[in-house]
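Note that the coordinates shown come from a computational prediction; the quantities given were computed from them, not determined experimentally. Remember, it's 1-based here, ligands and their atoms both numbered in the order they're listed.
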Amino acid sequence: MSLHHLLSIADLERRQLRALLDRAQELRHQALGGTGLRGTLQGRTVCPLFFEASTRTRSSFMLAATRLGADVLPFEVANSSGKKGETAIDTMRTLEAMGVDCFVVRTAIDGELRALVAAAKPETRFINAGDGRSNHPTQGLLDMLTIRQHKGMDFSRLNVVIAGDILHSRVARSGLQALKILGCGEIRVCGPDSLMPSDGTLDGCKHLSRFDEAVAGADVVMMLRLQRERMEQGLVGSSESYFNDYGLDPRRLALAAPDAIVMHPGPMNRGVEIADAVADGDQSVIFEQVSNGVSVRMAVLQAVFAA
Ligand code: CP
C-alpha cells in the first residue's frame with residue numbers, strides 16, 4: 001500500500017481504504033508502546049504543521065512517527081515567525097529546506113493545504129490533519145477502524161447515525177465519504193436545519209429531523225461537537241435547548257440497537273451534545289477511537305513513505 005499524500009478520503013479507492021485499515025489493525029499492539037518498528041522510518045523527518053489547536057491528532061501523529069523511528073520536528077506555530085507575519089507557504093518551505101520529508105498539516109482555511117502542496121518540492125509528502133470544514137481523513141479512517149472492530153467487515157448491514165453540527169464538521173465529511181466507499185447500509189443524519197449542509201455532502205443519506213427517530217434501531221451513533229467558534233450568531237439557540245433536541249442521553253441511547261456503539265471525535269462538549277452518563281458508559285468507544293488514532297496514523301505514515 002503506497003500513497004504520495006493523504007489529502008482526502010475521497011481520493012481513496014475501496015481497496016486502498018481497506019488496506020490502510022488492515023495495516024492499522026496489524027499495528028495496534030505496536031501503536032500502544034511497541035518498539036519493534038523503530039527502524040521503519042529511520043532517516044525520515046516528519047513535521048506537524050498545525051495552524052489550529054489539537055490534542056488528539058497532533059499528539060498521535062507525533063507518537064506514530066516516533067514509534068516508526070522517524071525524526072519528529074515538534075514545530076509550534078504559536079511560537080514561530082508566523083507571529084511576525086511569515087506566510088504559511090514560507091514557513092513550510094523554510095522547514096522543508098531543513099530536510100522535512102513529510103508535513104502533517106492542520107489549517108482552518110479550506111484550500112490552504114492544497115496551496116502548500118503546490119508550493120512544495122514534488123517529493124515532499126503531505127498528510128491532512130484537518131482542513132477547514134472540508135476533510136479530516138485520518139479521523140475518518142480511525143472511525144471506520146473502530147466500527148469494524150465492533151461490527152465486523154460488512155458495512156452493508158449497518159445503520160449509522162451522524163448527529164449534530166454537520167455543517168462545520170470535517171469529521172462528518174470524511175466519515176460520510178468513508179462510509180459510502182465501504183458500502184454502509186443506511187446513513188442517517190440529524191441536527192438542526194441551520195447546521196445541515198446543502199452542498200451535496202448529504203447525498204445518499206437519510207435526513208431525519210427528530211433525533212429520537214434517527215437513533216431508533218441504530219448500530220452506530222456518531223455524535224459531533226457543536227463548533228460554536230466557527231458559527232455566525234443565531235445558528236443555534238442555548239446549549240440547554242440544543243441538548244434537549246439533539247443531545248445523546250441514556251433515554252435516547254436506549255432507542256438504538258442494544259449493542260449500539262457511541263462515538264465522538266473529541267473534544268466533547270459534555271452536557272451539550274452528549275451526556276456524561278453516555279460518554280462514560282458501557283457503549284461508549286470514544287477512547288478506543290483515540291487509541292486507534294495512533295495505529296491509523298502509523299499505517300498512513302508507512303503508506304506515504306512507501307510511495
Ligand atoms: N478529533 C480531533 O481532531 O481532535 P483534536 O482537535 O484534539 O486533534
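Under the 4.0 Å criterion applied to side-chain N and carboxylate O atoms, Asp203 and Lys180 are not assigned as salt-bridge partners.
Counting non-hydrogen atoms of neighbouring residues, nucleotides and ligands closer than 6.0 angstrom, the CD atom of Gln42 reaches no more than 12 such neighbours.
Residues of the protein with a heavy atom under 4.0 Å from ligand 1 are Ser54, Thr55, Arg56, Thr57, Arg106, His136, Gln139, Pro265, Gly266, listed by chain and number.
Scanning both residues, Lys151 and Asp219, for their nearest heavy atoms gives CE-O, 3.5 Å.
Every residue two or more places apart in sequence or in another chain that forms a side chain to side chain donor-acceptor pair (under 3.5 Å) with Lys84 is listed here: Ser81.
Within the structure, the ring-ring contact (aromatic ring centres under 6.0 Å, His included) test picks out no pair touching residues 276-307 (sequence neighbours left out). Note on residues 111-153: pairs passing ring-ring contact (aromatic ring centres under 6.0 Å, His included), not counting sequence neighbours, are His5-Phe126, Phe103-Phe126.
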